[in-house]
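First comes the structure, then the notes that go with it.
All figures in this text were calculated on a predicted structure; none of them were measured in a lab. In what follows, every heavy atom counts, from backbone to side chain, and hydrogens, waters and symmetry copies are set aside.
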Amino acid sequence: LDGEDGAEQVIREVAEHPLRPMHVLQHAHGVGQSPGSGHRLGGFRIGQEAESNTIAPQYNHQIAANAREEIIREADNLQSVPPIERKLIGIRLLDKSRTCVERVLVLSTAYYLTSDQKYVDRCRQEMLAAARFMDWHPEHFLDTAEMTCALAIGYDWLYNQLDEPTRKEIRDAIVSKGLRVPYDTKFNKWQRMTNNWGQVCNGGLTLGALAVADEEPDLRSEERRVGK
């Protein structure tokens, strides 16, 4: 599948198979990829080295320039902030998952705006901290879905900037602590909910599935029933 038509088909697949996010892996090859990149989550020039002299001129509008400055400022502030820890607030890990999403987005974006490796290094630190949690608190599955989303984005956007041991550790966490959980455990009651949980949970797992599709080919043919 290639280009916009391929992406639209993936969206249809998710809609038709809402309880099986890994089903999308069967049709994910090539969706949204930059030529030769091997990765598919939208955003920057995935798989290519960032060049500030080609990216920065796009931000000549004052509003965009202000946004760029704010992103870089926040990414700089994160250099002295420790990575997230697995600490529940009440019955949830959701605050930590959302913090991870925000930090990964800010740091990855800052890298593509500046080409500064320090943002990759700090994002790697954040993602590895989350990957090493014993789990992503599947009892409250929004926590798991949003953490899967965070690591999927960072893994994909910074794929070429991460060394292979780091990629593998993050990828293994996406699969074992995210994608497989609703298939291999009892934590899948969210599939029957009629509120926004379906969107968030399926969305997070779908991003995870798309991010690791090339490196986890065995998952593409996996057909399992959730809540069997």
Taking atom [atom1] of [X] as the centre, report whether more than 12 heavy atoms of other residues, nucleotides or ligands fall under 6.0 Å from it.
X: Arg92; atom1: CZ; answer: no
X: Lys168; atom1: NZ; answer: no
X: Glu164; atom1: CD; answer: yes

query: Less than 4.0 Å between a side-chain N and a carboxylate O, is that true for Lys87 and Asp95?
result: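 Not counted as a salt bridge, because no side-chain N and carboxylate O are separated by less than 4.0 Å.
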field: Charged N-O contact under 4.0 Å between Arg122 and Glu126
entry: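 Yes.
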Side chains of [X] and [Y], heavy atoms from C-beta outward: is any pair under 4.5 Å?
X: Leu151; Y: Trp136; value: yes
X: Glu216; Y: Asp172; value: yes
X: Thr144; Y: Lys177; value: no
X: Lys118; Y: Gln79; value: yes
X: Arg124; Y: Asp163; value: yes
X: Trp157; Y: Thr109; value: yes
X: Leu107; Y: Leu158; value: no
X: Arg86; Y: Arg132; value: no

Considering non-hydrogen atoms only, spot the tightest contact between [X] and [Y] and give its length.
X: Glu146; Y: Val101; result: O-CG2, 3.3 Å
X: Pro83; Y: Ala129; result: CB-CB, 3.6 Å
X: Arg167; Y: Asn160; result: NH2-CA, 3.9 Å
X: Ala130; Y: Met147; result: CB-SD, 3.8 Å
X: Cys149; Y: Leu207; result: SG-CD1, 3.6 Å
X: Ile170; Y: Leu128; result: CG1-CD2, 4.1 Å

As an exercise, state the distance from [atom1] of [X] to [atom2] of [Y], rounded to the nearest 0.5 Å.
X: Leu78; Y: Thr99; atom1: CG; atom2: OG1; value: 10.0 Å
X: Ile84; Y: Gln125; atom1: CD1; atom2: CD; value: 11.0 Å
X: Gln161; Y: Ser108; atom1: CD; atom2: OG; value: 9.0 Å
X: Cys100; Y: Asp143; atom1: SG; atom2: CG; value: 12.5 Å

field: Identified side chain to side chain contact (heavy atoms under 4.5 Å, CB included) counterpart of Phe141 within the set Val181, Asn188, Val200
entry: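 Single pass found, and it is Val181.
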query: Going through the checks in order, is the side chain to side chain contact (heavy atoms under 4.5 Å, CB included) test met by Glu215 and Tyr155?
result: CA-CA 12 Å; Glu215 294 77 31; Tyr155 176 84; 3.2 Å; yes
- prompt: Mind checking whether Trp197 and His140 have parallel, tilted or perpendicular rings, split at 30° and 60°?
  reply: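 Perpendicular.
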query: Looking just at side-chain N and O atoms, do Tyr119 and Asp76 make a donor-acceptor pair shorter than 3.5 Å?
result: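 Tyr119 vs Asp76: donor-acceptor pair found between side chains.
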query: Counting N and O atoms only, with roles assigned by atom type, does the side chain of Asn202 sit under 3.5 Å from a partner on the main chain of Gly198, one being a donor and the other an acceptor?
result: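 The answer is yes, because a donor-acceptor pair under 3.5 Å joins these two groups.
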query: Given the rule in the side chain to side chain contact (heavy atoms under 4.5 Å, CB included) test, do His137 and Lys96 qualify, once you have shown the distances and angles that lead to the verdict?
result: CA-CA 11 Å; His137 196 238; Lys96 304 304 180 183; over 6 Å; no
